[in-house]
2 protein chains.
Amino acid sequence: MEHDFYRILKGLKLKVTPKRIAIMEIMAAEKTYMSPDELRSKLKQRFKNIGLPTVYRNLEELAKEGVIIKIIHPDRKLYYFYCHRKEHHHHFVCVSCRRVEDITFCGMEEIKKEVEDGLKGHMVSHMLQVYGFCKNCLIKQVVSQ
Amino acid sequence: MEHDFYRILKGLKLKVTPKRIAIMEIMAAEKTYMSPDELRSKLKQRFKNIGLPTVYRNLEELAKEGVIIKIIHPDRKLYYFYCHRKEHHHHFVCVSCRRVEDITFCGMEEIKKEVEDGLKGHMVSHMLQVYGFCKNCLIKQVVSQ
DNA sequence: GTTTTAAATAGAAACGATTTTCATTTAGAT
DNA sequence: ATCTAAATGAAAATCGTTTCTATTTAAAAC
Ligand SMILES: [Zn+2]
Ligand SMILES: [Zn+2]
Ligand SMILES: [Zn+2]
Ligand SMILES: [Zn+2]
């Protein structure tokens with residue numbers, strides 16, 4: 001698995017540093033989105049010194065390259081998630097446990113049609129995100145009643 | 001028109017202050033989204049003293065009550081827009097001039113189905129926003145070439 | 001293997017949008 | 001006209017994020 005990350009970084013012409021590898025390992029192992037500070041807490045278990053700017057920079061670089069994604073959050077803070085799927089798609093985010101899951105529905109064609117035919121504009125991108133309670137959290141709710 | 005805003009504020013049990021009315025008037029007259037600071041600049045033309053916290057507070061209150069909407073922006077700053085349409089719908093945002101236009105496509109049913117049948121979760125809300133160039137900006141691009 | 005150099009990093013400081021605090025003013029009820 | 005809770009302005013605080021700079025390090029060149 002580490003070899004995957006190694007190759008990904010090489011492909012992006014980024015230096016393969018222990019911290020980069022660790023960031024990718026930790027992110028890829030998480031089922032939930034994380035803030036830079038939460039990621040740093042996990043990195044602290046492996047490295048004595050790890051600066052927050054390093055975490056911010058690496059997350060941003062990886063997001064820019066499409067290796068990880070940014071999660072749009074109502075609190076307008078930065079959150080990232082390692083998404084294994086590479087085709088265009090969107091995400092379901094659990095408002096209780098932060099779990100992220102893929103959604104295959106998109107609607108890009110209909111939207112594009114409406115923008116171009118209806119508004120006579122040109123669509124550049126679109127953002128779709130779904131919020132709710134994941135399977136696990138629904139079960140917990142029922143059990144705890 | 002002012003009477004509309006008067007009645008809206010009354011309906012929300014908010015005091016009808018000159019600044020609240022002015023904020024609603026300015027927002028409702030704009031075809032583009034605005035930041036709190038941009039709104040304050042406009043308010044300064046009418047009021048000698050107008051504090052930024054007042055602008056922030058009022059925008060947030062009006063957004064909470066659904067009178068205006070928040071625009072999700074990649075820069076993660078706060079932007080608001082007075083949307084005249086009241087039914088559930090989404091928006092097209094021009095990345096060049098900030099114009100906001102209604103989109104009727106939604107896809108809520110398909111998404112809900114996928115979350116509930118596929119993921120066995122429960123959908124609470126969803127966020128869709130479309131970015132691109134509006135009609136006017138497309139024309140300007142062509143003309144200036 | 002050694003040298004070179006550009007990228008990566010840590011730590012400290014800066015930044016800036018947003019929020020909080022608090023004293024004063026004001027809308028609207030009595 | 002009086003009262004009270006809401007609204008406001010000014011100043012300060014907050015805090016997530018970014019910048020700066022000296023140091024370290026990956027990896028290319030030798
Ligand atoms: Zn959950
Ligand atoms: Zn899509
Ligand atoms: Zn435009
Ligand atoms: Zn919708």
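Letters A, B, ... mirror the listed sequences (proteins, then strands); counts begin at 1.
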Enquirer: OP1 or OP2 of dT19(C) less than 4.0 angstrom from a side-chain nitrogen or oxygen of Tyr56(B), does that happen here?
Expert: no
Enquirer: Measure the acute angle between the ring planes of Tyr82(A) and His84(A), then classify it against the limits of 30° and 60° as parallel, tilted or perpendicular.
Expert: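 It falls in the tilted class, 30° to 60°.
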Enquirer: Separation of Asp75(A) atom CG from dC15(D) atom P, in whole Å?
Expert: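 Rounding to the nearest Å, CG of Asp75(A) and P of dC15(D) are 14 Å apart.
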Enquirer: Determine whether the side chains of Arg20(A) and Thr17(A) contain a donor N or O and an acceptor N or O closer than 3.5 Å.
Expert: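 Their side chains do not contain a donor-acceptor pair, so the 3.5 Å distance test is not met.
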Enquirer: Round to a whole Å and report the spacing from CG of Leu59(A) to C1' of dG16(D).
Expert: 14 Å
Enquirer: Of all the nucleotides listed (dT17(D), dT18(C), dA7(D)), which has the minimum atom distance to the side chain of Leu78(B)?
Expert: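 So the side chain of Leu78(B) is nearest to dT18(C).
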Enquirer: Is the phosphate of dA8(C) approached by Arg20(A) (side-chain N or O, under 4.0 Å from OP1 or OP2)?
Expert: yes
Enquirer: In terms of the angle between their ring planes, are His122(B) and Phe133(A) parallel, tilted or perpendicular, with boundaries placed at 30° and 60°?
Expert: parallel
Enquirer: Measure NZ/Lys48(B) against P/dT8(D) and give the value in whole Å, please.
Expert: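 Going from NZ in Lys48(B) over to P in dT8(D) covers 16 Å.
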Enquirer: For Arg57(A) and dT18(D), give me the distance from atom CZ to atom C1', rounded to whole Å.
Expert: 10 Å
Enquirer: To the nearest Å, how far apart are Lys77(B) NZ and dT17(D) C1'?
Expert: 12 Å
Enquirer: Which word best sums up how the rings of Phe105(B) and Phe105(A) line up, parallel for under 30°, tilted for 30 to 60°, or perpendicular for over 60°?
Expert: parallel
Enquirer: Tell me whether the OP1 or OP2 atom of dA10(D) has a side-chain N or O from Asn49(B) closer than 4.0 Å.
Expert: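 The answer is yes; a side-chain N or O of Asn49(B) sits under 4.0 Å from OP1 or OP2.
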Enquirer: Whole-Å distance between dA26(D) P and Ile21(A) CD1?
Expert: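 After rounding, the reported distance stands at 12 Å.
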Enquirer: What's the CG-C1' distance between Leu39(A) and dG16(D), to the nearest Å?
Expert: 15 Å
Enquirer: For Tyr79(A) together with Tyr33(A), are the ring centres under 6.0 Å from each other?
Expert: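 Judged by ring-centre distance (under 6.0 Å), Tyr33(A) and Tyr79(A) do meet the cut-off.
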Enquirer: Go through dA8(C), dA27(D), dA10(C) for me and flag the one nearest to the Val16(A) side chain.
Expert: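 Selected nucleotide: dA27(D).
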Enquirer: Measure the distance from CD1 on Ile23(A) to P on dA10(C) and round it to the nearest whole Å.
Expert: 9 Å
Enquirer: Base, sugar-phosphate alone, or nothing: which one does Lys15(B) contact when heavy atoms must sit under 4.0 Å apart?
Expert: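 Base contact.
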Enquirer: Which sits closer to the 5' end of DNA chain C, Ser35(B) or Arg40(A), going by the nucleotide each is nearest to?
Expert: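 Looking at the nearest nucleotide for each, Arg40(A) comes out on the 5' side.
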Enquirer: Report yes if at least one side-chain N or O of Lys10(A) is closer than 4.0 Å to OP1 or OP2 of dA27(D); otherwise report no.
Expert: yes
Enquirer: Nearest-nucleotide wise, let me know which of Phe47(B) and Arg76(B) is further upstream toward the 5' end of DNA chain D.
Expert: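 The answer here is Phe47(B).
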Enquirer: Under 4.0 Å between a side-chain N or O of Asn58(A) and OP1 or OP2 of dT9(C)?
Expert: yes
Enquirer: Would you tell me if any nitrogen or oxygen in the side chain of Thr54(A) comes within less than 4.0 Å of OP1 or OP2 on dA10(C)?
Expert: yes
